[in-house]
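As the structure lists them, so they are numbered: ligands from 1, and atoms in each ligand from 1.
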Amino acid sequence: MPFGLVLILLTVAGCALFVIPPAWFPAAITAEAALYDRQFGWTLWIAGFIFVAVQLLLAWTVLRKHRTPDAGGSASSHRAIEIGWSVAAAVLFLTMAALGSRGWAKSPSVSSNKETVEVYAHQFAWNFRYPGADRRFGRTKIELISDSGGNPLGIDPEDPDGRDDIVTASLRIPAGRDVLLLLHSRDVIHDFFVRELRTKQDIVPGMEIPLEIHVDRPGEYEVACAELCGLGHSQMRSFMIVMDAGAFDAWKAKAAQ
Ligand SMILES: [Cu+2]
């Protein structure tokens with residue numbers, strides 16, 4: 001089969017993979033996630049259009065050359081075309097980069113009336129801590145950390161602020177409210193990843209890394225560690241449960257008792 005026809009078949013097969021997708025992204029649950037998806041869609045359409053056009057042009061050139069071996073001009077006679085497509089490609093890349101940076105730079109403006117949750121990653125599990133009714137986190141001490149003793153964060157029992165702190169193994173947040181996650185690691189570098197947020201945030205030992213989110217859609221979403229952190233890395237998962245605000249308040253009040 002002539003090489004030109006093979007190229008056309010490969011192009012059609014490549015397009016078919018996207019036209020009949022076996023799987024696509026999970027739902028986007030924040031305004032920022034929707035923005036990333038829109039940018040991804042634009043990039044895919046533009047890159048796809050250029051890909052198809054270039055492949056068909058290449059196939060046509062090969063097939064034409066096959067029939068009339070002496071067709072074609074000298075390579076040096078296309079300076080204007082070369083400059084033209086180089087400038088067009090540069091303008092296209094810069095425009096896409098500028099459009100994309102709007103999404104990257106946008107972070108939700110978290111109000112003062114936010115729900116603050118501490119996220120603790122360690123080999124190979126997640127813990128989440130909420131302040132109780134006093135809205136203050138209690139002091140923690142490294143020497144008090146005991147997974148088997150039920151104190152995975154080392155909360156100091158002497159500190160009254162920590163007595164109503166709630167520690168959980170899954171992340172519960174209220175829908176429709178601003179949430180500030182404060183990310184911590186107990187040992188090595190981990191990464192907080194929820195596909196539906198379209199966000200991956202590294203968690204570095206010794207640092208407190210803020211991550212602001214606002215989710216309107218209640219549901220249960222997987223939290224995975226996206227940084228290879230040791231032998232049990234693949235088991236390091238939890239869930240982010242987005243609850244109706246009323247149900248969340250009731251759960252928190254009950255858990256703090
Ligand atoms: Cu990890």
Side-chain angles (χ1 to χ4, degrees), residues 23-30 32-33 35-37 40 103-104 106-108 110 114-131 137-156 162 165-175 177-215 217-243 248 251-252 255:
W24 201 240
F25 297 148
I29 57 170
T30 61
E32 293 70 36
L35 214 57
Y36 298 154
D37 281 8
F40 184 88
W104 284 112
K106 189 178 178 300
S107 65
V110 169
K114 59 186 177 287
E115 199 63 48
T116 305
V117 187
E118 284 187 343
V119 177
Y120 284 85
H122 69 97
Q123 289 171 316
F124 299 99
W126 297 92
N127 288 112
F128 306 94
R129 176 160 78 136
Y130 303 77
F137 289 107
R139 190 171 53 226
T140 57
K141 287 182 173 172
I142 289 175
E143 60 272 25
L144 295 175
I145 289 176
S146 167
D147 288 321
S148 54
N151 192 1
L153 309 185
I155 297 172
D156 185 353
D165 286 4
I166 305 157
V167 178
T168 59
S170 53
L171 172 61
R172 287 171 187 269
I173 60 168
R177 260 188 229 161
D178 293 338
V179 176
L180 173 64
L181 303 177
L182 299 172
L183 309 179
H184 297 256
S185 170
R186 262 174 49 184
D187 38 43
V188 299
I189 299 177
H190 299 276
D191 189 293
F192 179 86
F193 176 39
V194 177
R195 294 173 308 168
E196 289 81 357
L197 296 176
R198 307 284 190 271
T199 299
K200 280 180 182 172
Q201 176 59 59
D202 269 5
I203 311 176
V204 182
M207 290 179 74
E208 180 179 79
I209 298 172
L211 180 65
E212 297 161 348
I213 56 174
H214 183 112
V215 183
R217 187 196 291 212
E220 200 170 306
Y221 310 99
E222 186 186 39
V223 176
C225 178
E227 179 67 51
L228 184 57
C229 57
L231 273 180
H233 166 68
S234 62
Q235 311 299 318
M236 189 169 164
R237 59 201 282 269
S238 179
F239 285 93
M240 181 176 88
I241 302 160
V242 183
M243 308 169 75
F248 173 81
W251 164 78
K252 210 175 137 185

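Residues passing the side-chain contact (heavy atoms from CB on, under 4.5 Å) test with Glu220 are Phe239, Ile241, sequence neighbours excluded.
Side-chain contact between Ile213 and Thr199 is absent, with no heavy-atom pair separated by less than 4.5 Å.
Restricting His190 to its N, O or S atoms, the one at the least distance from the Cu ion (ligand 1) is ND1.
At the Cu ion (ligand 1), the angle from SG in Cys229 to SG in Cys225 is 130° when rounded to 10°.
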Apply the test side chain to side chain contact (heavy atoms under 4.5 Å, CB included) to residues Arg198 and Phe40: give CA-CA distance (whole Å), side-chain angles for both, the deciding distance (0.1 Å), then the verdict. CA-CA 11 Å; Arg198 307 284 190 271; Phe40 184 88; over 6 Å; no

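Between the side chain of Arg172 and the backbone N or O of Lys252 there is no donor-acceptor pair closer than 3.5 Å.
Residue His233 does not count as close to the Cu ion (ligand 1), with no N, O or S atom under 2.8 Å.
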